[in-house]
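Please read the structure below before turning to the comments.
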Amino acid sequence: MSGPYAAERLVALLDAILQRSGSNPEEAAIVAANLVDSDATGHASHGLCQIAVYAKSLELGHLQPNRHARILRDEAPFLVVEGDVGYGQVIAREATDLAIARAKAGGACVLALRNAHHIGRVGAYGEQCIAAGLIGVFFVNVVSRPLAAPHGGGRPRLGTNPICIAVPATPDHPPFLLDFATSAVAANKCRVAAASGKEVADGLLIDERGAPTRDPGVMFRDPTGAILPFGGHKGYGLALACEILAGALAGGLPALPENLRPGRVVNNALAFLIDPARVAESGGDAGNGGWQALTDAVLDHIHDTPPVPGGDGVLVPGGPERRSRVLAAEHGITLDPDTVRALHDIGGALGLDVPAFLGA
């Protein structure tokens, strides 16, 4: 691993790379901050390593700089937004802001986001909902090289199809932020393990013949192996739900062979934004604060669970990311060698003094 690097240095480098790749300053700042924050929160699979993917997508014409969320339909509670394969961090952020405004006005919004380039860590948009005092539920599909096998299948057919559920903070507890891929492991973790010559744990991968393997290199050969869904049939069911809800229903672009292109990465999403005050008020005595008090009681009860022997106790979704951000701010961000090499190669080709940006 390389580093650690101060977050502001990484943001400045990415900002410069993106601007020299065709992004205007506003877009470059948004995408750079999003990628670095993904690394800071402990989700390196959606962080700086993606710059190599974006560079290739730009070269192939599968990513268009300086696009904005374009409203196709606005009929409360439904909002349909087109991304025109613009940077997903910009498109999804703008679409979520539009949906927040409508949920604030009407109590709820059903957002269909179509045809955005890679939107990155979905939790970032959950955090937008949290900041607005709203609940957000996101289903996302991935139109790219299939990585995950369906339960019982021996070949990849699905993306890592993430789900995110975000709930605002309560008087006694920070926000609840559940954000996970439906695959058993992130593809980038396989890449890092393969580059380091390490094996992965049992039960995560199958090889090109469908046999269990611990060799992460199977994901980067032709024909490839596949990542298994988490939890067997349960994770597979959620991944398939993402494909139907986000891909077929919201985006009109499921990950079928005819929709796949070499180097193409598209995300579609179906999201539900809800004002919890509207729901709680319908409960009579609960009132506006009732749901918060009851949520605090639930979380207190969970936190009070005795830990397993030698364990650190029970965590609530969102906690690890907050802790990781604190550590990143104090100690910097460590990157894997492949990502550092990509930054040098891409930045250098654009005429940037990468070592100066990194403080090397």
Side-chain angles (χ1 to χ4, degrees), residues 1-69 83-97 116-125 127-128 131 188 263 265-267 321 324-360:
M1 307 299 279
S2 302
Y5 304 102
E8 57 267 23
R9 287 187 174 274
L10 295 174
V11 170
L13 173 57
L14 282 181
D15 190 294
I17 287 174
L18 290 161
Q19 287 199 50
R20 293 207 178 186
S21 300
S23 292
N24 62 39
E26 179 185 14
E27 177 172 271
I30 291 170
V31 177
N34 178 282
L35 292 176
V36 174
D37 186 61
S38 292
D39 275 289
T41 56
H43 295 282
S45 57
H46 294 75
L48 279 84
C49 70
Q50 291 295 332
I51 197 65
V53 176
Y54 297 175
K56 188 66 175 178
S57 293
L58 286 168
E59 178 186 331
L60 294 172
H62 295 323
L63 168 57
Q64 300 299 319
N66 307 314
R67 297 297 193 270
H68 294 279
D84 294 318
V85 292
Y87 275 100
Q89 289 86 350
V90 173
I91 302 298
R93 175 175 169 166
E94 292 178 346
T96 302
D97 276 338
H117 194 263
H118 182 242
I119 66 175
R121 186 177 70 91
V122 185
Y125 316 109
E127 288 169 343
Q128 278 181 255
N188 184 60
V265 183
V266 172
N267 283 148
E321 287 81 1
S324 184
R325 274 197 182 110
V326 170
L327 292 174
E330 292 177 351
H331 304 293
I333 295 171
T334 300
L335 304 175
D336 69 89
D338 283 354
T339 297
V340 175
R341 191 176 305 112
L343 290 172
H344 280 275
D345 291 346
I346 295 168
L350 293 168
L352 295 172
D353 185 351
V354 176
F357 274 99
L358 296 177

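Start at 1 with the first residue, then count along the sequence.
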Side-chain touch H331/P4, heavy atoms, less than 4.5 angstrom = no
key: ring pair (Phe, Tyr, Trp, His ring centres under 6.0 Å) contacts in which one or both residues fall within residues 17-48, not counting sequence neighbours   = H46-H118
query = Where do P65 and G22 come nearest, in terms of heavy atoms and distance?
reply = CB-O, 3.7 Å
request  = Mind running side chain to side chain contact (heavy atoms under 4.5 Å, CB included) on I17 and L13 for me, showing each step along the way?
outcome  = CA-CA 6 Å; I17 287 174; L13 173 57; 4.0 Å; yes
query = Distance-only, no hydrogens or angles: does the R93 side chain make a donor-acceptor pair with backbone N or O of I119 under 3.5 Å?
reply = no
request  = Supply the atom-to-atom distance N66 CG to D84 CG, rounded to the nearest 0.5 angstrom.
outcome  = 12.5 Å
key: Heavy-atom closest contact (Q128 atom, A92 atom, distance)   = OE1-O, 4.4 Å
ask   = Just how far is it from atom OG of S23 to atom CD1 of I30, taken to the nearest 0.5 Å?
value = 10.0 Å
request  = Begin from the C-alpha positions of L10 and L335 and carry the test side chain to side chain contact (heavy atoms under 4.5 Å, CB included) through to its verdict.
outcome  = CA-CA 10 Å; L10 295 174; L335 304 175; 4.0 Å; yes
request  = Of all the heavy-atom pairs spanning A32 and V11, show the shortest one and how long it is.
outcome  = CB-O, 3.7 Å
request  = Examine distances only and state if a side-chain atom of S324 and a backbone atom of A40 form a donor-acceptor pair shorter than 3.5 Å.
outcome  = yes
request  = Look at E94 together with R67 and state whether they make a salt bridge at an N to O cut-off of under 4.0 Å.
outcome  = no
L14 side chain near L343 side chain, heavy-atom distance below 4.5 Å = yes
message = Within the structure provided, determine whether V31 and V90 are in side-chain contact (heavy-atom separation under 4.5 Å).
response = yes
Point-to-point distance, once rounded to the nearest 0.5 Å, from CZ of R121 to CG of N34 = 7.5 Å
note = Smallest heavy-atom separation, I333 atom then A328 atom, equals CG1-CB, 4.0 Å
query = Is I346 close to L352 at the side-chain level, that is, under 4.5 Å between some pair of heavy atoms?
reply = no
inquiry  = Within this structure, what is the SG-CG distance for the pair C49 and N188, rounded to the nearest 0.5 Å?
reply    = 3.5 Å
ask   = Rounded to the nearest 0.5 Å, how far apart are CD of E27 and CD1 of I91?
value = 8.0 Å
query = Would you say Q89 and L35 make side-chain contact, with heavy atoms under 4.5 Å?
reply = yes
remark   = In short, L350 meets S21 closest at the heavy-atom pair CD1-OG, 3.6 Å
ask   = Roughly how far apart are E127 CD and T96 OG1, rounded to 0.5 Å?
value = 11.5 Å
R9 side-chain N/O to F357 backbone N/O, donor-acceptor pair under 3.5 Å = yes
N24 side chain to E26 backbone, donor-acceptor under 3.5 Å = yes
ask   = Which atom pair, heavy atoms only, marks the closest approach of L18 to A28?
value = CD1-O, 3.6 Å
remark   = Applied to residues 341-360, the side chain to side chain donor-acceptor pair (under 3.5 Å) test, sequence neighbours excluded, yields D338-R341
key: ring pair (Phe, Tyr, Trp, His ring centres under 6.0 Å) partners for Y87, two or more places apart   = Y54
